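The shown structure was predicted, so the numbers you read here are calculated from the model rather than taken from an experiment.
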Amino acid sequence: MGSSTKKKKEKQKDFQVGKAKAKPSNFTDTSFKSKAIVMGQQSLSVSAPDAVQQFKHNLSLASSSRSDDQRRDALSYLTSQLSSQPPVNPVGTHAVLAKLLPLVSDSSTPVRSQLLKLLRCLPGDQVKHSAEQAIMFVRAGMTHLSVDINNDALGVMEWLLDVAADDIVECPGGWVKTLKSFCAMMGWVLTKTESGWSQGAHNGLRAKNVQTQARQIAALSRFLQVGLKPEAVQPPVDDLTALRESIYHIPREPNAFAHLNLAGLPRDEDGEMYQYRDARQRILHRRFYAALAKNVEQAKKEGGAAGRAAAVLDKVLQEGMADYEDFEIMDEDYLLNLG
């Protein structure tokens, strides 16, 4: 009791001489009043950004953000804008694809799934102008080391076959490089040995799920069906003026003579344009047909979903190559007969 009484007397003595209690070292004086708050490098606006700026901002976030969630949310916003009525796309389909196609091989599964939803909202008649760029990124995804990225890239390939099938087949590298990507994805290696065409099991390729393999074979069947379908036959022209017009008129499609590569850089066989069916048949017969036929027969023997898909692929190959004639062999026989 004595000590407490002594402390009270000391406090009363301090107040009497005007001493205040010592403030702690982290004390902040909040008694001041200010009429303005200054925020560095920030601005407040009554009106929110317009739809065009929001679209461009989310397009930039989707293509460059390091956060998986931010990329996914930005893609979700863009999908909602593209699927609205009328669609909102101030930058155009080509610009959207140029920014977002690298996400085909994105490491995040939700981002890739949202990307496929966005792609399906784009108008198909505008996608064909970016077919060459699109198939390039799809091939990169199909040959990726990740199985999940392979499967999602195959979904983008199926979308391309729906909206721009002829364009991806005829564009530079669209025929040979895509066939090589299909074979690499399924483990059908195009290396010829003494015993025939080898398969990729000994090269370290992972075993494929049956349903996944069936889906891959089905996509390859659709691709080959587009490339090997008979070309439309032009009706005979009776009018002489119309006949001359059909022969001598100036082509109206853009870059009509691109297949000649008159002003471009030299391309190898894999990167050439195969705009006509007979050219695609020729390169398919010389470089792919034997390997495809061998692996199709093996898949048919295994049965199941993959076997049924292989039977469809076999039918596509037989019908697509039924009228093919190997002119190289014919030329050799012709020369032998002349000799």
message: Using every non-hydrogen atom in the two residues, find where Ala219 and Leu154 come nearest and quote the distance to one decimal.
response: CB-CD1, 3.8 Å
task: Tell me, with the steps shown, if Arg215 and Thr212 meet side-chain hydrogen bond (donor to acceptor under 3.5 Å, both in side chains).
output: CA-CA 5 Å; Arg215 184 186 174 194; Thr212 301; over 6 Å; no
field: Close side-chain approach of Arg287 and Val176, heavy atoms under 4.5 Å
entry: yes
- prompt: At their closest point, which heavy atom of Ala299 faces which heavy atom of Ile217, and how far apart are they?
  reply: CB-CD1, 4.4 Å
- request: Please assess Glu269 against Lys177 for the test salt bridge (Lys or Arg N to Asp or Glu O under 4.0 Å), listing each intermediate value before the final yes or no.
  value: CA-CA 9 Å; Glu269 189 178 58; Lys177 290 184 178 181; over 6 Å; no
message: Quick check against the 3.5 Å criterion: does Arg139 have a side-chain atom that pairs as donor or acceptor with the backbone of Ser181?
response: no
field: Same apolar cluster: Val226 and Phe223, side chain cutoff 4.5 Å
entry: yes
task: Carefully, step by step, assess Val96 and Leu118 under the rule side-chain contact (heavy atoms from CB on, under 4.5 Å).
output: CA-CA 10 Å; Val96 170; Leu118 182 146; 4.2 Å; yes
message: Whether the side chain of Asn295 engages the backbone of Ala291 through a donor-acceptor N/O pair (distance < 3.5 Å, no angle test) should be reported.
response: yes
- prompt: Rounded to the nearest 0.5 Å, what separation is found between the CG atom of Leu119 and the CG atom of Asp162?
  reply: 12.0 Å
Chi angles and distances behind the side-chain contact (heavy atoms from CB on, under 4.5 Å) call for Val169, Thr178: CA-CA 9 Å; Val169 167; Thr178 308; over 6 Å; no
task: Decide, yes or no, whether a salt bridge links Arg120 with Glu158 under the criterion of side-chain N to carboxylate O below 4.0 Å.
output: no
message: Are Val296 and Trp188 packed together at the side-chain level, in the sense that at least one heavy-atom pair is separated by less than 4.5 angstrom?
response: yes
field: Contact check, side chains of Leu160 and Val138, non-hydrogen atoms, under 4.5 Å
entry: yes
message: Applying a strict under-4.5 Å side-chain criterion to I, L, V, M, F, W and Y, I'd like to know whether Val88 and Leu59 cluster together.
response: no
Nearest atoms (heavy-atom pairs only) where Gly320 meets Leu228: CA-CB, 3.8 Å
query: So do the side chains of Gln298 and Glu302 get within less than 4.5 Å of each other, counting heavy atoms only?
result: yes
message: Test of understanding: clusters of I, L, V, M, F, W, Y form through side-chain heavy atoms closer than 4.5 Å, transitively. Do Leu61 and Val111 belong to the same one?
response: no
task: Verify whether one side chain among Asp323 and Gln281 offers a donor that lies under 3.5 Å from an acceptor in the other.
output: yes
field: Tyr276 and Glu170: side chain donor to acceptor below 3.5 Å
entry: no
Heavy-atom check, side chain of Arg112 versus side chain of Val104, under 4.5 Å: no
Atom pair OG/NE2 of Ser107 and His144 - distance to nearest 0.5 Å: 8.5 Å
Using distance only, find each side-chain donor-acceptor pair of residues 122-134 under 3.5 Å and give its atom names and separation, not counting sequence neighbours.
{"unit_1": "Gln126", "atom_1": "OE1", "unit_2": "Thr93", "atom_2": "OG1", "d": "2.6"}
{"unit_1": "Ser130", "atom_1": "OG", "unit_2": "His94", "atom_2": "ND1", "d": "2.8"}

- request: Using a 4.5 Å cut-off on heavy atoms from C-beta on, say whether the side chain of Met185 contacts that of Gln216.
  value: yes
query: Can you name the closest pair of heavy atoms from Ala140 and Ser105 and give their distance?
result: C-OG, 4.1 Å
message: To the closest 0.5 Å, what do you measure between NZ (Lys117) and OG1 (Thr79)?
response: 8.0 Å
- request: Step through it carefully: locate the ring centre of Trp175, locate the ring centre of Phe288, and say whether they are under 6.0 Å apart.
  value: no
- request: Mind running side-chain contact (heavy atoms from CB on, under 4.5 Å) on Lys229 and Asp166 for me, showing each step along the way?
  value: CA-CA 10 Å; Lys229 67 181 179 181; Asp166 293 330; 3.0 Å; yes
query: What about Ile149 and Leu100, same hydrophobic cluster or not, with Ile/Leu/Val/Met/Phe/Trp/Tyr joined at side-chain heavy-atom distances under 4.5 Å?
result: no
- request: Could you tell me the separation between the CG atom of Asp167 and the CD1 atom of Ile135, rounded to the nearest 0.5 Å?
  value: 11.0 Å
field: Flag side-chain contact, heavy atom, 4.5 Å: Leu179 against Leu224
entry: yes
- prompt: Looking at side-chain heavy atoms only, is the closest gap between Val91 and Lys99 below 4.5 Å?
  reply: no
task: Flag the pair Asp106 and Arg72 as a salt bridge only when some basic side-chain nitrogen lies within less than 4.0 angstrom of an acidic carboxylate oxygen.
output: no
Salt-bridge contact Lys56-Asp50 (side-chain N to carboxylate O under 4.0 Å): no
query: With no hydrogens and no angle check, is any side-chain donor or acceptor of Ser80 less than 3.5 Å from a backbone partner on Tyr77?
result: yes
statement: What one should report as the nearest heavy-atom pair of Ala311 and Lys300 is N-CG, 3.9 Å
- request: List the atom of Phe182, the atom of Met157, and the distance in Å for their closest heavy-atom pair.
  value: CZ-CG, 4.1 Å
query: What distance do Asp69 atom CG and Ser108 atom OG have between them, rounded to the nearest 0.5 Å?
result: 7.5 Å
message: Applying side-chain contact (heavy atoms from CB on, under 4.5 Å) to Leu115 and Leu101, what does each step give before you reach the verdict?
response: CA-CA 9 Å; Leu115 173 66; Leu101 280 173; over 6 Å; no
- prompt: In Å and rounded to the nearest 0.5 Å, what is the CG to CE distance from Leu292 to Met321?
  reply: 10.0 Å
